[in-house]
Amino acid sequence: MPWSEEELAALRRAYASGTSRVSYDGKSIDYGTASDLLRRIRVIEAEMAVSAGQPKPRRSFARFSKG
């Protein structure tokens with residue numbers, strides 16, 4: 001697994017505090033926006049869930065038509 005719990009925790013702390021710069025393991029990464037940071041968090045969470053044997057989250061969208 002290329003990501004660690006420490007990295008994920010650092011990303012979550014940065015997102016919660018409203019900053020876009022994340023530091024962990026002597027590394028610093030600057031994410032452009034909060035949405036970029038949140039997207040990274042979601043990717044890591046999904047990959048960790050899959051590697052832990054949990055099913056990958058599914059997304060579906062409702063679609064309506066008038067005939």
TODO: Tell me, please, which residues at least two apart from R12 pass salt bridge (charged side-chain N to carboxylate O under 4.0 Å, His left out).
DONE: E45
- [ ] Could you tell me which non-hydrogen atom of S23 sits nearest to which non-hydrogen atom of A10, and how far apart they are?
- [x] O-CB, 3.9 Å
TODO: Drop me the distance from L38's CG to T33's OG1, to the nearest 0.5 angstrom.
DONE: 9.5 Å
Task: Test log, rule side-chain contact (heavy atoms from CB on, under 4.5 Å), inputs M48 and E5 - done: CA-CA 9 Å; M48 286 182 158; E5 288 290 335; 3.7 Å; yes
- [ ] Begin from the C-alpha positions of V22 and Y15 and carry the test side-chain contact (heavy atoms from CB on, under 4.5 Å) through to its verdict.
- [x] CA-CA 9 Å; V22 179; Y15 184 76; over 6 Å; no
TODO: Report the residues that fulfil salt bridge (charged side-chain N to carboxylate O under 4.0 Å, His left out) with D30, sequence neighbours left out, ordered by chain and then residue number.
DONE: none
Open item on the list: If you define the side chain from C-beta out and look only at heavy atoms, does anything of E6 sit under 4.5 Å from D25?
Closed with: yes
Task: side chain to side chain contact (heavy atoms under 4.5 Å, CB included) partner of Y24, chosen from L11, L8, I29 - done: I29
Task: Spacing of S20 atom OG and D36 atom CG [to the nearest 0.5 Å] - done: 9.0 Å
